[in-house]
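Sharing a structure below in structure tokens format, with a few things to ask.
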Amino acid sequence: MEFQLSKQQKMIKKMVRELTENEFKPIAKEIDETGRFPHENVEKLRKYGLLGMNIPREYGGAGADELSYVIAIEEISRYCATTGVICSAHNSLVCWPIYYYGTEEQKEKFLKPLARGDKLGAFALTEPNAGSDAANQQTKAVKENDYWIINGSKIFITNGGMADIYIIFAKTDASKGPKGISAFIVERDSPGFKIGKIESKMGIRGSATAELIFEDMKIPEENLLGKLNDGFKIALKTLDGGRIGIAAQALGIAQGAFDETVNYIKQREQFGRPIAKFQSVQFEIAEMKTKLEAARALVYNAALKKMHSNDYTLEAAMAKYYASDIAMEITRKAVQLHGGYGYTKEYCVERMMRDAKITEIYEGTTEVQKIVIAAKVLNR
Ligand SMILES: Cc1cc2nc3c(=O)[nH]c(=O)nc-3n(C[C@H](O)[C@H](O)[C@H](O)COP(=O)(O)OP(=O)(O)OC[C@H]3O[C@@H](n4cnc5c(N)ncnc54)[C@H](O)[C@@H]3O)c2cc1C
């Protein structure tokens with residue numbers, strides 16, 4: 001499948017590639033080593049209109065299409081998967097659901113500053129006892145006069161602590177299981193909102209991953225997102241789009257590791273010739289290239305499906321499953337083809353291998369994607 005990119009898509013690809021090469025790539029190693037949040041990269045994302053990419057201009061966004069967004073996340077993640085996930089969580093998991101489910105007042109108050117990039121967003125669904133079984137929410141929201149009083153906690157929240165606006169999920173009717181969960185828009189300075197543990201991670205080390213604690217947190221009534229008790233449906237629909245973003249991140253990581261490897265094997269000599277001359281090395285490159293293009297086809301196809309249809313659950317799950325799988329495989333092979341040097345921090349492929357692993361876990365593990373794919377196929 002050959003994708004003919006539009007003039008705008010090509011322009012965005014070129015712009016983001018230059019941004020990554022000039023700004024993100026040079027500091028990616030330091031961000032990984034220190035684990036610090038890259039505020040300067042977020043400022044660049046804002047300046048280049050990449051925070052709120054798919055949101056129409058009337059709401060402060062760039063008005064770009066889903067394929068342009070996927071290409072941007074892919075290009076960013078080629079050399080900085082940390083910045084890739086910061087951007088993906090903000091766009092797919094926060095801007096999109098407020099645009100899709102929010103009232104005009106919510107769009108005015110929350111979406112505009114998010115889409116302009118003046119504020120950063122986070123999405124908080126996961127709890128200690130609600131990971132893959134996300135319906136098993138323990139956080140509770142109780143209505144008191146004009147407010148919701150929320151108690152509970154969330155873990156592993158990307159952009160946690162750094163974000164200004166959070167979409168959170170809580171039980172509003174304990175008797176109804178998944179049909180008793182609601183979504184809320186929460187501001188960082190809400191009374192009773194605390195940031196707990198910050199995780200120290202194997203990869204994407206500059207991206208903040210935090211625990212959120214709600215102790216009698218008070219949220220105005222009008223911050224309910226979508227209809228009462230529709231929260232689980234909203235979470236699943238939002239994650240369909242988020243998975244396309246993570247698939248694009250995985251694709252970018254794989255592409256970055258592949259490019260580094262092709263350069264390396266052409267210049268590294270053993271037995272009197274470049275190792276690229278050995279046929280077993282060439283076969284590895286052939287396999288890597290083929291799988292990369294297969295993943296790209298799935299990821300771009302999921303983006304196109306989202307642009308043209310309201311049901312892209314299957315395409316998103318297949319793209320996320322396959323792209324994360326080959327990102328892990330290609331980064332592992334990239335380290336192998338760099339030999340002993342690949343195991344050192346002198347080369348970036350070891351970082352890429354560590355970054356790739358999370359793409360198989362977050363926004364639904366590989367196993368969860370397979371459950372979704374099989375359910376779609378078998379229920380037809
Ligand atoms: C760095 C990072 C960032 C994250 N960012 C966010 C975020 O921004 N917002 C948010 O809400 N969450 C976030 N998460 C949470 C993430 O989505 C969950 O960790 C993930 O969904 C898995 O849940 P779990 O960790 O509880 O694992 P578990 O659900 O306990 O799974 C453990 C293992 O069991 C398998 N398993 C579970 N159930 C089944 C089943 N039915 N069939 C087969 N296998 C099964 C899983 O696939 C996995 O291999 C993040 C996590 C990390 C590590």
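First listed ligand is number 1; within each ligand, the first listed atom is number 1.
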- Message: In terms of relative ring orientation, are F37 and H39 parallel, tilted or perpendicular, with 30° and 60° separating the classes?
- Response: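 Geometry flag for H39 against F37: perpendicular rings.
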
- Given side chains that start at C-beta, do those of S207 and K201 come closer than 4.5 Å, heavy atoms only? yes

- Check E199 against ligand 1 and report side chain, backbone, both or neither, counting heavy atoms closer than 4.0 Å.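 No part of E199 comes within reach of ligand 1.
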
- Which residue and non-hydrogen atom of the protein lie closest to atom 8 (O) of ligand 1, and at what distance in Å?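 Nearest protein contact, heavy atoms only, for atom 8 (O) of ligand 1 is T158 N, 3.0 Å.
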
- Task: Determine, stepwise, if the pair K370 / Y321 fulfils side chain to side chain contact (heavy atoms under 4.5 Å, CB included).
- Result: CA-CA 7 Å; K370 289 183 188 175; Y321 157 44; 3.5 Å; yes

- Message: Any nitrogen or oxygen of F123 lying under 3.5 Å from a nitrogen or oxygen in ligand 1? Just yes or no.
- Response: yes

- Message: Do I86 and Y362 land in one hydrophobic cluster if side-chain heavy atoms of ILVMFWY residues count as linked below 4.5 Å?
- Response: no

- Query: What residue and heavy atom of the protein are closest to atom 24 (P) of ligand 1, and at what distance?
  - Reply: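 Heavy-atom neighbour on the protein nearest atom 24 (P) of ligand 1: G131 CA, 3.9 Å.
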
- Distance from atom 53 (C) of ligand 1 to nearest protein heavy atom, with residue and atom: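 Sorting protein heavy atoms by distance from atom 53 (C) of ligand 1 puts I358 CD1, 3.5 Å first.
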
- Is NZ or CZ of K218 both nearer than 6.0 Å to the six-membered ring centre of Y147 and within 45° of the ring axis? yes

- Would you verify that at least one protein heavy atom lies under 4.0 Å from atom 3 (C) of ligand 1, or report that none does?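 Under 4.0 Å from atom 3 (C) of ligand 1, at least one protein heavy atom found.
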
- Query: Is there a nitrogen or oxygen of T365 sitting under 3.5 Å from a nitrogen or oxygen of ligand 1?
  - Reply: yes

- Message: Quick check on atom 15 (C) of ligand 1 - does any protein heavy atom sit closer than 4.0 Å to it?
- Response: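 Yes.
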
- So if you build clusters from Ile, Leu, Val, Met, Phe, Trp, Tyr with side-chain heavy-atom gaps below 4.5 Å, do Y69 and L5 land together? no

- Task: Examine E367 against ligand 1 and note whether any of their N/O atoms are separated by less than 3.5 Å.
- Result: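 Min N/O separation from ligand 1 is below 3.5 Å for E367.
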
- Query: Do protein heavy atoms approach atom 29 (O) of ligand 1 to less than 4.0 Å?
  - Reply: yes

- Message: Check for me whether T366 has a heavy atom closer than 4.0 Å to any atom of ligand 1.
- Response: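 T366: no contact with ligand 1 (<4.0 Å).
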
- Message: I'd like to check whether T126 has a polar contact with ligand 1, where a contact means an N/O of the residue lying under 3.5 Å from an N/O of the ligand.
- Response: yes

- Are any of the N/O atoms in F156 less than 3.5 Å from those in ligand 1?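 Yes, since at least one N or O of F156 sits under 3.5 Å from an N or O of ligand 1.
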
- Query: Is the closest side-chain heavy-atom distance between F24 and Y79 below 4.5 Å?
  - Reply: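 Side-chain contact under 4.5 Å: no.
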
- If you measure from each non-hydrogen atom of D133 to ligand 1, which part falls under 4.0 Å: side chain, backbone, both or neither? neither

- Message: I'd like to check atom 46 (C) of ligand 1 in this structure: does the protein have a heavy atom lying under 4.0 Å from it?
- Response: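 Yes, there is one.
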
- Does atom 41 (N) of ligand 1 have a protein heavy-atom neighbour under 4.0 Å away? yes

- Query: Is A130 close to ligand 1, meaning an N/O of one under 3.5 Å from an N/O of the other?
  - Reply: no

- Proximity flag I157 to ligand 1, non-hydrogen atoms under 4.0 Å: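 Heavy atoms of I157 do come under 4.0 Å of ligand 1.
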
- Residue pair K154 / F169: nearest heavy atoms and the distance that separates them: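 The pair with the smallest heavy-atom distance is NZ-O, 2.8 Å.
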
- Message: Determine whether the aromatic ring centres of residues F184 and Y166 are separated by less than 6.0 angstrom.
- Response: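 Between F184 and Y166, which both carry aromatic rings, the centre distance is not below 6.0 Å.
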
- Task: Indicate whether atom 33 (C) of ligand 1 is within a distance of less than 4.0 angstrom of some protein heavy atom.
- Result: no

